[in-house]
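Letters A, B, ... mirror the listed sequences (proteins, then strands); counts begin at 1.
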Amino acid sequence: MSGWFALVTDFCVFWLFVAAALCLYRIVVGPKAADRAVAFDTLSSVAIGMICLLCIRFSSTLYFDAVWILTLVGFLGSSAVAKYLAKGRVF
Amino acid sequence: MLESSSLLLPCVALPFLAAVVVGSGSGRIGRASGWIVFAAALASFLSLVPAAATHGIDRFSFPWLPAAGISFALRADGFGLLLAFIVSGIGALVALYSTAYVAEADPAKERRYYAALASFMGAMLGIALADDLILLFVFWEITSITSFLLIGYRYEDDDAKAGALMALQVTALGGLAMSVGFLLVAQVTGTFSISAITSDPALIAKLLASPLCPAALLLVLLGAFTKSAQFPFHFWLPRAMVAPTPVSAYLHAATMVKAGVFLLGRTYPMFGEAPLWAPTLVVVGTTSMLLGAYQAFREIDLKAILARTTASALGMITLLYGLGATTDDSLQILNHALYKGALFLVAGIVEHHAHTRRLDQLGGLRHALPIAFVACALGSLSMAGFPPLLGFVAKDNFYAALLHSEWLAGTPLLRTVVLLASLASSALLVATAGKLTFGVFSGAERAHAHGRRDEAHADEPRVPLWTAPAILAGGALLLGLASLGELTSDLVTATASAPEHRAHATLLPALGWPLFASLFALVLGVALYTRRDAVSALQKRLAGGPAASAMWEGAMAALARGGEAYSVRWQNGSLRWYLAATVLTLPALCVWAFSETGLSWRQISVTFADTPWYGFLFCTLLAVATIATVRARTRLAAAISTTTIGFLVAMLFVVYRSPDILLTQLLIETVSSIFVLLVLVFLPAFPARDMKPGTQLVNLGIAAAFGVTITILLLLTMTPGIREPSNIATRPGGLLSLALEQGGGKNAVNVIIVDIRAADTTGEITVLVVVGLAVYGLLRTRRRARQQRKGRGTRSEAA
Amino acid sequence: MTQHSPIIRVIARYAVPLSIVVAIRIFFQGHDEPGGGFIAGTLLAAAGAMYMLAFGVRRVSRFPWWRVAVVGLLVSVTTGTVPFLLGKPFMDNVILHLGTVHLPTATFFDLGVMMIVLGTLMTIFLELDLERR
Amino acid sequence: MLLELLAALAMLAGTFFMVVTGIGLVRFPDVYTRIHAAGKAGTVGVGLLIVAPMVYFGPTEPFVALRGFLAIVFQLLTTPGATYLLAHACYVTSYPAHARTEVDELQDWIPVYPDEEFGHE
């Protein structure tokens, strides 16, 4: 874990925060629910990225399972909202 | 374990066994249930004989709750045997009487009657022989319950229900108070066993000296007074007369009401010398004696008269206990049991025969019911206290005790009042006895109610009906005559509760003031009887004042109204109110806890050295997301931003290195967002216009209070000094190593959940299952109800 | 009921079995790495939700899910009381060495937890959905 | 050393895409364009960011590579699906496209639901 690599990781983590903040802006403002759903989906992708970087930063693979679950979760969340918007019911 | 192979246990257990047999029996037992109970009562009666024969005290004890020092102890001393004999003897007679009296179309109802009667008998035997305070209390409560069942036997009509309920409320209240009294006594003396306390003067001294003594005494007395229908609680007894007559005879004359007085006898050795004992008992006894006699004379209904006279006679016995006359208290109890039982059963025959109990509609039945007439005459004479009956001897002893008691001598004013009250009530009793006997049996045979003359003669009272009263009345006469010799005195001394010297119960008492007093009472009574119309006219004019039972019902109604008002005010169904209440309790509790334990937020000292910078960033994002949720205009927006909060919190778990919870949080967040979407249709739309500024401020306040409290709590847990050593997991005996050795797993979190603290998890998962079943059950029943309504709706439209 | 869009049905056909495999993987790695009954149960419930999202509720709603929860409770409680009956302290853990694998009995307790979580969540999903109809 | 270089490259590229998506989300006028931007992050951004730990932990913990690969495949499987569903939902509930859109090829293909009841909540 050489010095410059840690620096790069931190730099990337910071910029992921910026991306997350932008997504959050869309969630807060988003005129319609659909926008918020999209932002929510991107937020889950940003979260996956964040976890990967933090795995590297803490050099432990314990959190790697969360990546898998976040994918499933992100998909479920947005498709449920999409179906609700389209058909008014979820199942 | 069983100390002696005495017959005490079977004696108490037999009636309960009979109750079970009769209660659970199928149709074919039907008519025989009465005879089974009779046999059980007789068996108990006979099983007591060996215990009485052995002069030594017969004991039986079995460790029931060794941890609490409570044992199932029975002890047959003289006094206990007396009540036990009365209970089983009169029980047998009443069972016999009931076989003819209680003829029900539906055998199941009859079986329930006999089951309740048998279990009552068992409980009364338990009270008589119990040697353990808690055991006595248990049997006491059983009698209250079975009396409720028996009074409310004809539950179709409302008076029975009301009367039964009132009896239960009053006696249960007394029972409760008494149990607390017993606990206090046991607290001071350290033992529950009655014989141990009464036989050890040191314990008694300790009890009397302790500050708890007055409280314990009053509580126990409360139990006794409610059970024996003494002055403040006398109103339930007349109301309980709606019960079938054998029940009235058995419960409310011979046994149950005696339990209260019996308790006085049992607790006299303990509380006898207590300063409060004498005055309370004398005052209560005298008032209930006089009040009972006065109201008895005014009554018209046969059983009401008898109920009032019972209260009066019990008042007399309570007065005697107040004066400490425990050498011949058994004489009074025995005498009252005999004559009152006989009179009640006669009243039953009269009612059975003439279908009415009102004196003004009765008369001239001496030809129709000759034997009943004889029994009633003997009983009334014994009540009035005419020689040669036992009543005369009892009255004479009563006046002797009254005049010779040192305690009364100390207060001349009270002594005269008590004397006058006794004379008045004795006279009234004599007059009532006269009214009772002559009113019913002598005089012209008036047209009975409903004019069914022919049918009245048809049902000559069957044999079991008149045998019971005859035996009882005969007993009163025989014991009276026996007192010429020494038999009665021996019997009385043997069964008295604490005989100092040999009681002398003789039909020919020494000439002296007691004799003159009782003779004077007789003369006054006869005079009163001859002028009874004038007296009752006077009584009518004096009538007034609220009936005690009305006051009691008023109190109960007020209690119910109060409860309802409370629940309407606090459970008013507004979700906001419930939420606010729950949320506000935490800050309130914390404030109280902080003030108690001296903790305060100033002790928080948390360094931010070891928190990585991205922790802060996540927190800022979290704050923004929370504000988004609050400001959301539509339900879906709020739902999505809540899920976002969940995600950001999950990210914090990564920063603070806890993978297990991270996975759980993510999954739970998704599942709950799906739940929200499922029910979004039902949630009320967000209020189009904003809430009034006032409510917004209130909400803000509540939320702020909650938030601040949680922050302080968290920061306190973070300060090093307060929480446990930081290496709780990693130190040698810590959780990590523990998980590895015993749990066989490196992931301590999971091992803890599943193995080390598996008992807690079992609790939690049970809650989870219950939640699942609740949702399943509730929604399904609601849907079925709605479908039925819809089904009915469409049909009605179609129709 | 084919009005579910084909796209989601295709995705679900691959995603649901994959999720189930991962859930089982997480269940068994529970003792050493992060995982365990609770997480596996919720993951299975999520997979179930995805299935219902894609293929509708008809086939799933016939299965009595609340019984799964009750059986799960039975499994957990029996795992707890069996050592108790054998005289060992309540909920004691016995490590069975089946060949190379060492299987602590607590795993059955974990299995119970998983079944309970799965059963409860699915019951709530189905009931809430039926409620809307 | 090489691994760290590769991982760093992957991280930087992944983050670049994420930030681009973020900006896209904020600045694009209507939902359809935003969905287009979101598509990028969900697939390429995440893919690259997952590659980083796979590469970094590659030799020491092979299992990470397998799970990483599985995650990428699943991500590529699901994210386009999710974004499609959202777009479809918006279109059928006639979510207004931005004024400047000229061509609407789907007009005659996908029926637009008439009722407005649970549309743009």
Side-chain angles (χ1 to χ4, degrees), chain A residues 10 13-14 16-18 20-21 23-41 43-44 46-48 50-55 57-58 60-85 88-91, chain B residues 612-614 616-618 620-648 650-681 746-747 749:
Chain A
D10 282 352
V13 166
F14 172 75
L16 274 186
F17 264 114
V18 168
C23 289
L24 205 58
Y25 166 81
R26 180 49 62 194
I27 284 180
V28 167
V29 165
K32 289 285 184 293
D35 310 299
R36 291 194 176 89
V38 170
F40 175 76
D41 197 36
L43 189 70
S44 77
V46 168
I48 294 174
M50 187 72 78
I51 289 181
C52 296
L53 293 191
L54 291 179
C55 274
R57 184 71 179 79
F58 303 144
S60 81
T61 61
L62 284 176
Y63 313 100
F64 207 68
D65 278 329
V67 165
W68 162 261
I69 288 183
L70 254 171
T71 328
L72 174 72
V73 151
F75 167 68
L76 254 181
S78 41
S79 56
V81 169
K83 187 155 188 197
Y84 178 77
L85 282 178
R89 57 179 173 76
V90 183
F91 291 148
Chain B
W613 54 272
Y614 15 83
F616 279 105
L617 280 176
F618 271 123
T620 47
L621 289 186
L622 205 53
V624 169
T626 328
I627 294 168
T629 320
V630 175
R631 303 285 316 151
R633 300 243 58 72
T634 63
R635 298 171 302 189
L636 195 54
I640 293 178
S641 29
T642 336
T643 325
T644 336
I645 293 178
F647 266 40
L648 292 173
M651 286 305 114
L652 278 178
F653 289 145
V654 179
V655 169
Y656 288 98
R657 292 182 177 73
S658 49
D660 274 89
I661 310 172
L662 166 69
L663 299 178
T664 322
Q665 169 77 3
L666 287 174
L667 281 167
I668 288 296
E669 210 50 52
T670 323
V671 169
S672 53
S673 79
I674 293 178
F675 283 158
V676 166
L677 284 176
L678 277 170
V679 288
L680 214 50
V681 181
K746 289 196 280 298
N747 174 356
V749 169

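One distance of note links CD1 of A/Ile69 with OG1 of B/Thr670; it measures 9.0 Å at 0.5 Å rounding. Interatomic distance, A/Tyr63 OH to B/Phe653 CZ, rounded to the nearest 0.5 Å: 12.0 Å. Taking OG from A/Ser78 and CD1 from B/Ile640, the interatomic distance works out to 9.5 Å, rounded to the nearest 0.5 Å. Going from atom CD1 of A/Ile27 over to atom OG1 of B/Thr644 covers 4.0 Å, rounded to the nearest 0.5 Å. Considering CG of A/Leu70 and CE of B/Met651, their distance stands at 5.5 Å, rounded to 0.5 Å. Interatomic distance, B/Thr634 OG1 to A/Arg36 CZ, rounded to the nearest 0.5 Å: 5.5 Å.
With a 4.5 angstrom heavy-atom cutoff, B/Leu662 touches chain A only via side-chain atoms. Proximity to chain B (any heavy atom under 4.5 Å) is shown, for A/Val81, by both the backbone and the side chain. With a 4.5 angstrom heavy-atom cutoff, B/Ser658 touches chain A only via backbone atoms. Using a 4.5 Å cut-off between heavy atoms, A/Ser60 makes no contact with chain B at all. For A/Tyr25, no part lies near chain B; criterion is any non-hydrogen pair under 4.5 Å.
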Would A/Asp10 and B/Tyr614 count as a side chain to side chain contact (heavy atoms under 4.5 Å, CB included) here? Give the steps.
CA-CA 9 Å; A/Asp10 282 352; B/Tyr614 15 83; 4.2 Å; yes
Output, in order, the C-alpha distance, side-chain angles, deciding distance and verdict of side chain to side chain contact (heavy atoms under 4.5 Å, CB included) for A/Val13 and B/Trp613.
CA-CA 10 Å; A/Val13 166; B/Trp613 54 272; 3.8 Å; yes
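Scanning all heavy atoms of the two residues, the minimum distance from B/Leu677 to A/Ala80 falls at CD1-CB, 3.5 Å.
Comparing A/Leu62, A/Leu24, A/Leu54 by heavy-atom pairs within less than 4.5 Å of chain B, the highest count is held by A/Leu24. Ranked by heavy-atom pairs under 4.5 Å with chain B, the first of A/Val28, A/Val73, A/Leu76 is A/Val73. Ranked by heavy-atom pairs shorter than 4.5 Å toward chain A, the options B/Leu663, B/Val671, B/Leu617 are led by B/Leu617.
Between B/Leu636 and A/Leu85, some side-chain heavy-atom pair lies under the 4.5 Å cut-off. The shortest side-chain heavy-atom distance between A/Val46 and B/Phe647 does not fall under the 4.5 Å cut-off.
Remark: aromatic rings of B/Phe618 and A/Phe17 are close, center separation under 6.0 Å.
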